[in-house]
Peer 1: 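Following this message is one structure expressed as structure tokens.
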2 protein chains.
Amino acid sequence: MTTTAARGLRIAELARAVGVPTDTVRYYERVGLLPPPKRTPGGYRDYEVSAVDRLQFIQGSQRLGLRLVDIGHLLAVRDTGRCPCEPAGELLRRRLADVDAQIAQLTALRAEMAAMAAALPQAECPDPTPGTWCPPEEEGGECACSS
Amino acid sequence: MTTTAARGLRIAELARAVGVPTDTVRYYERVGLLPPPKRTPGGYRDYEVSAVDRLQFIQGSQRLGLRLVDIGHLLAVRDTGRCPCEPAGELLRRRLADVDAQIAQLTALRAEMAAMAAALPQAECPDPTPGTWCPPEEEGGECACSS
DNA sequence: CTTGACCTTGGACCCGGGTCCAAGGTGCAG
DNA sequence: CTGCACCTTGGACCCGGGTCCAAGGTCAAG
């Protein structure tokens, strides 16, 4: 076996691998989503490759709207394969229900929005000039899309 | 016509009607989602009944995950029935696409979570004692669900 | 007129989730 | 050995979306 102390990822590498700033990685560690990694003799964080996975899981869950604290619970489940203390299956099922509810709500609003969109068939400013649409810039320029 | 100055809703009534604190109503006004209502001679806000609707729309959109500023854009569309300045249909369609994307992501994560839930068939703490499941309380009590 | 419920304002504060910064330490290349 | 990129820490700051508070005004009932 070639000495397995292969030196894993440095924080910037890990961060780059999932596309977040290093600050965020440290932040996640601070709030307990990422276990404190080993350190190099010099004190640098030394992540195992699996951390990429974990971070991606976090990103995924979080894009979903789960709060970090909840993601923490899920990670605990994922890590241990069992309840961190209380019925984890319960927890997962609840979350699942939440998610279902969110999906339902989203779907409903989607319909509402679609209806709104449909309701302005003729509005469609005379000459939209597709490149010119003002991004939600703040007042101060008050979008000169009169052209 | 019986004098139409019928005195609409006071802030608390409006707030109660949609289930938010009065503070939130004022806050929405501050940030421009709710137009400043008429005032009674004494200076009290005097809302028309339609404000309930608007507030509900806000709640709905916002439950959806739209940011208040975006909701503002939608409201502008809704109010005028046309672009507040730039192609509103565009905007709506973009949002719609966003929402679709969110739904897709949620659905994907739902699946992932379902898989996780399925993956712990036997875990299920011996005696869940359904009433006893510890709410995500902070450490300090470290949930005594040993019973 | 008094009382109490409700209203007004402005400003401070809170939480989540970062994001930035300064001062100093590491480590590898040249 | 010097440089330079990268790392460390702690703490301050930011934004969105509220939430609370104090000091004072309004108004309807009794």
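The sequence lines fix the lettering, A, B, ..., with proteins before strands; numbering per chain opens at 1. This is a predicted model, so every value here is computed, not measured. Just the heavy atoms: all of them, side chains too, but no hydrogens, waters or symmetry mates, feed the values below.
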Peer 1: Base, sugar-phosphate, or nothing for A:Pro41, non-hydrogen atoms under 4.0 angstrom?
Peer 2: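 No contact at all - A:Pro41 keeps every heavy atom at 4.0 Å or more from the nucleic acid.
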
Peer 1: Check this for me: does the side-chain of A:Tyr27 come within 3.5 Å of the base of C:dG16 through a donor and an acceptor?
Peer 2: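 Between C:dG16 and A:Tyr27, which were checked side chain against base, a qualifying N/O pair under 3.5 Å is absent.
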
Peer 1: With respect to the side chain of A:Arg45, which nucleotide from D:dC27, D:dT8, C:dC20 is positioned closest?
Peer 2: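 When the side chain of A:Arg45 is considered, D:dT8 is the closest of D:dC27, D:dT8, C:dC20.
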
Peer 1: Roughly, in whole Å, what's the span from NZ in B:Lys38 to P in C:dC7?
Peer 2: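 So the two atoms are 17 Å apart, to the nearest Å.
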
Peer 1: Taking the side chain as every heavy atom from C-beta outward, state whether A:Leu9 and A:Asp46 have any pair of such atoms under 4.5 Å apart.
Peer 2: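 Not touching, per the 4.5 Å side-chain cut-off.
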
Peer 1: Rounded to the nearest Å, what distance is computed from the CG atom of residue A:Leu34 to the P atom of nucleotide C:dG17?
Peer 2: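 From A:Leu34 CG to C:dG17 P: 15 Å.
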
Peer 1: Output the rounded distance in Å from CD (A:Glu13) to P (C:dG27).
Peer 2: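 After rounding, the reported distance stands at 14 Å.
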
Peer 1: Any chance CD of A:Glu48 has more than 12 other-residue heavy atoms, nucleotides or ligands included, within less than 6.0 Å?
Peer 2: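 For A:Glu48, atom CD is not crowded (no more than 12 foreign heavy atoms under 6.0 Å).
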
Peer 1: With A:Arg45, which of A:Arg10, A:Lys38, A:Arg26 fulfils side chain to side chain contact (heavy atoms under 4.5 Å, CB included)?
Peer 2: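 For A:Arg45, the side chain to side chain contact (heavy atoms under 4.5 Å, CB included) test succeeds with only one of A:Arg10, A:Lys38, A:Arg26, which is A:Arg26.
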
Peer 1: Check for me whether B:Arg39 meets the cation-pi criterion with B:Tyr44, that is, NZ or CZ under 6.0 Å from the six-membered ring centre and within 45 degrees of the ring axis.
Peer 2: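 No cation-pi geometry.
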
Peer 1: When you get a sec, tell me which of D:dC7, C:dC21, D:dG18 is the closest nucleotide to the side chain of A:Ile11?
Peer 2: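 Of the candidates, D:dC7 comes closest.
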
Peer 1: Please tell me which of the listed nucleotides, D:dT9, D:dC7, D:dG18, lies nearest to the side chain of A:Arg39?
Peer 2: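 When the side chain of A:Arg39 is considered, D:dT9 is the closest of D:dT9, D:dC7, D:dG18.
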
Peer 1: Is any N or O donor-acceptor pair between the side chain of B:Tyr44 and the base of D:dC27 shorter than 3.5 Å?
Peer 2: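 For B:Tyr44, whose side chain was compared with the base of D:dC27, there is no donor-acceptor pair (under 3.5 Å).
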
Peer 1: Distance check needed: D:dG17 P versus B:Leu66 CG, whole Å only.
Peer 2: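 Value for this atom pair: 10 Å.
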
Peer 1: Could you tell me whether B:Arg10 contacts a base, only the sugar-phosphate backbone, or nothing, with contacts defined as non-hydrogen atoms closer than 4.0 Å?
Peer 2: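 Contact class for B:Arg10: sugar-phosphate only.
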
Peer 1: Provide, to the nearest angstrom, the distance between the CZ atom belonging to A:Arg30 and the C1' atom belonging to D:dA12.
Peer 2: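 Whole-Å distance recorded here is 11 Å.
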
Peer 1: Taking CG from B:Leu68 and P from D:dG17, how many angstroms apart are they, rounded to a whole number?
Peer 2: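 Distance check: B:Leu68 CG to D:dG17 P gives 4 Å.
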
Peer 1: Out of D:dC21, C:dG18, D:dG17, which has the shortest distance to the side chain of B:Asp23?
Peer 2: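 Between D:dC21, C:dG18, D:dG17, the one nearest the side chain of B:Asp23 would be D:dC21.
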
Peer 1: Evaluate the side-chain proximity of B:Thr24 to B:Tyr28: yes if any heavy-atom separation is below 4.5 Å, no if none is.
Peer 2: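 Side-chain contact under 4.5 Å: yes.
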
Peer 1: Counting just side-chain N and O atoms, does B:Tyr28 come under 4.0 Å of either OP1 or OP2 of D:dG18?
Peer 2: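 Yes.
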
Peer 1: May I have the distance from B:Glu29 (atom CD) to C:dT9 (atom C1'), rounded to whole angstrom?
Peer 2: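 Rounding to the nearest Å, CD of B:Glu29 and C1' of C:dT9 are 12 Å apart.
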
Peer 1: From the options C:dT9, C:dG18, C:dC21, select the nucleotide whose nearest atom is closest to the side chain of A:Gln62.
Peer 2: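 Of all the options, the side chain of A:Gln62 is nearest to C:dG18.
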
Peer 1: Check every strand shown and say whether A:Arg26 touches a base, only sugar-phosphate, or nothing at a heavy-atom separation below 4.0 Å.
Peer 2: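 Touches a base.
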
Peer 1: Take the protein atom CG of B:Leu9 and the nucleotide atom C1' of C:dC6, then report the distance between them rounded to whole Å.
Peer 2: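 Value for this atom pair: 15 Å.
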
Peer 1: Looking only at side-chain atoms of B:Thr24, point me to the closest of C:dG27, D:dT19, C:dG18.
Peer 2: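 Selected nucleotide (nearest to the side chain): D:dT19.
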
